[in-house]
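For clarity, every value in this text was computed on a predicted model and none was experimentally measured. Below, each value reflects all heavy atoms present in this structure, side chains not excepted, and no hydrogens, waters or symmetry copies.
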Amino acid sequence: MLDEVRKANKLKMETVKKNLEKRKIIAHYCETGEEAAQKVLDIIQDNSVVSWGGSATINTLGIKPKLAERDLTTIDPYSTKDPVESFERRRQSLTADYFLMSSNAVTMDGELVNLDGTSNRVAALCFGPKKVVIVIGANKIVRDHEAALNRARLDAAVPNALRLNKKTPCSATGICGDCTSDDCLCCNIVTTRFCSNPGRLEVILVNEDLGY
């Protein structure tokens with residue numbers, strides 16, 4: 001990343017951080033993914049239950065193997081090929097002490113925008129786990145709510161549809177078709193604009209491009 005781009009990202013993240021905090025969401029700034037991974041590990045206390053949503057960002061940071069070395073109970077919905085078991089683990093995740101995820105977008109004004117197919121991720125974001133830790137790369141910062149929706153539908157939904165081999169219009173054309181197909185990944189679109197339980201949501205802003 002060019003030095004001037006990194007400096008510009010930091011300026012944007014400082015503004016986003018202030019606006020998240022106005023919305024009663026804890027926010028941190030990390031210069032690197034490695035620093036962000038350590039921040040996540042520092043937040044999580046031993047003897048707790050940890051789970052996560054499907055997240056390329058969390059996978060990239062390599063947090064899960066480090067959690068396995070800790071005195072923790074983890075609930076991994078994605079380590080089984082049995083759809084019934086995977087669904088049950090998603091339900092169990094809602095009772096976790098910590099839930100890890102990213103966000104499809106965050107606006108300069110501090111709103112989080114997410115779309116979801118199965119919707120366990122946005123369900124956990126809204127209610128359930130005691131604490132939700134959200135790691136967001138610089139590539140997910142957008143100007144406003146409209147831009148956040150556009151980013152979620154194009155930059156997040158399309159690669160996810162390809163990753164999951166979903167038969168959606170966007171997986172064939174690269175453009176959101178506003179579909180209602182059986183494989184639709186945009187079943188629920190959630191905007192988080194305020195945390196009514198201050199401290200429950202904790203965002204880590206990272207000055208690197210992470211996930212999609």
Could you give the distance from CG (L100) to OG (S51), rounded to the nearest 0.5 Å?
8.0 Å

Say you draw a straight line from CD1 of I63 to CD of Q38; how long is it, rounded to the nearest 0.5 Å?
10.0 Å

Identify the two heavy atoms, one from L154 and one from P159, that lie closest to each other, and give their separation to 0.1 Å.
O-CD, 3.7 Å

I'd like to know if R153 pairs up with D178 as an ion pair, taking the criterion as any Lys NZ or Arg NE/NH1/NH2 lying under 4.0 Å from an Asp or Glu carboxylate oxygen.
yes

Taking C-beta and beyond as the side chain, do M108 and I141 meet within less than 4.5 Å on heavy atoms?
yes

Side chains of I189 and N114 in contact at under 4.5 Å (non-hydrogen atoms)
no

Close side-chain approach of V50 to S48, heavy-atom, < 4.5 Å
yes

Count the heavy atoms of every other residue, nucleotide or ligand shown that sit under 6.0 Å from CD of Q45, and state whether that count exceeds 12.
no

R90 and P77: which non-hydrogen atoms are nearest, and at how many Å?
CG-CB, 3.8 Å

Is any side-chain heavy atom of K24 closer than 4.5 Å to a side-chain heavy atom of F194?
yes

Nearest 0.5 Å please: distance from the CE atom of M13 over to the SG atom of C30.
9.5 Å

Pairwise distance CZ(R70) to CD1(I44) - rounded to 0.5 angstrom
6.5 Å

Side chains of R6 and N9: donor-acceptor distance under 3.5 Å anywhere?
no

Check the pair D109 / R143 against salt bridge (charged side-chain N to carboxylate O under 4.0 Å, His left out), numbers first and verdict last.
CA-CA 8 Å; D109 198 35; R143 183 179 184 86; over 6 Å; no

Atom CZ in R163, atom OG in S171: separation rounded to 0.5 Å?
13.5 Å

Step through the shown structure and confirm whether more than 12 heavy atoms of other residues, nucleotides or ligands are within 6.0 Å of CZ on R91.
no

Quiz question: by atom type and distance under 3.5 Å, do the side chains of T168 and D183 form a donor-acceptor pair?
no

Taking all non-hydrogen atoms of both residues into account, name the closest pair between G211 and N139 and its distance.
O-ND2, 3.3 Å

Between S119 and N188, do the side chains contain an N or O donor and an N or O acceptor separated by less than 3.5 Å?
yes

Can you tell if the side chain of L125 reaches within under 4.5 Å of the side chain of I134, non-hydrogen atoms only?
yes

Does this structure show an ion pair linking E85 with R89, if we count only N-O contacts that are shorter than 4.0 Å?
yes

Candidates V203, L11, V106 - the one meeting side chain to side chain contact (heavy atoms under 4.5 Å, CB included) with V16
V106

Distance-only donor-acceptor check, side chains R151 and Y212, under 3.5 Å:
no

Provide the closest heavy-atom pair for K131 versus I26 in the form atom of the first, atom of the second, distance.
NZ-CD1, 4.1 Å

Quick one: closest heavy-atom pair of G53 and N120, and the distance?
CA-ND2, 4.5 Å

Any salt bridge between E21 and K17, counting N to O under 4.0 Å?
yes

Within 6.0 Å of CZ in F87, more than 12 heavy atoms from elsewhere
no

For A37 and L61 the tightest heavy-atom approach is CB-O, 3.9 Å

Assess whether atom CD of E146 is packed by more than 12 heavy atoms of other residues, nucleotides or ligands within 6.0 Å.
no

Between T192 and E111, is there a side-chain heavy-atom distance shorter than 4.5 Å?
no

Going through the checks in order, is the side-chain contact (heavy atoms from CB on, under 4.5 Å) test met by W52 and M101?
CA-CA 6 Å; W52 43 77; M101 59 176 287; over 6 Å; no

Side-chain donor-acceptor pair present, E202, H28, cut-off under 3.5 Å
yes

Neighbour count >12 (heavy atoms, 6.0 Å) for atom CZ, F127
no

Once you round to the nearest 0.5 Å, how far does OG of S103 lie from CZ of R121?
7.0 Å

Is the closest basic N to carboxylate O distance between K167 and D182 below 4.0 Å?
no

Short side-chain donor-acceptor distance under 3.5 Å, N104 and K140
no

Between E4 and K7, is there a salt bridge with N-O shorter than 4.0 Å?
no

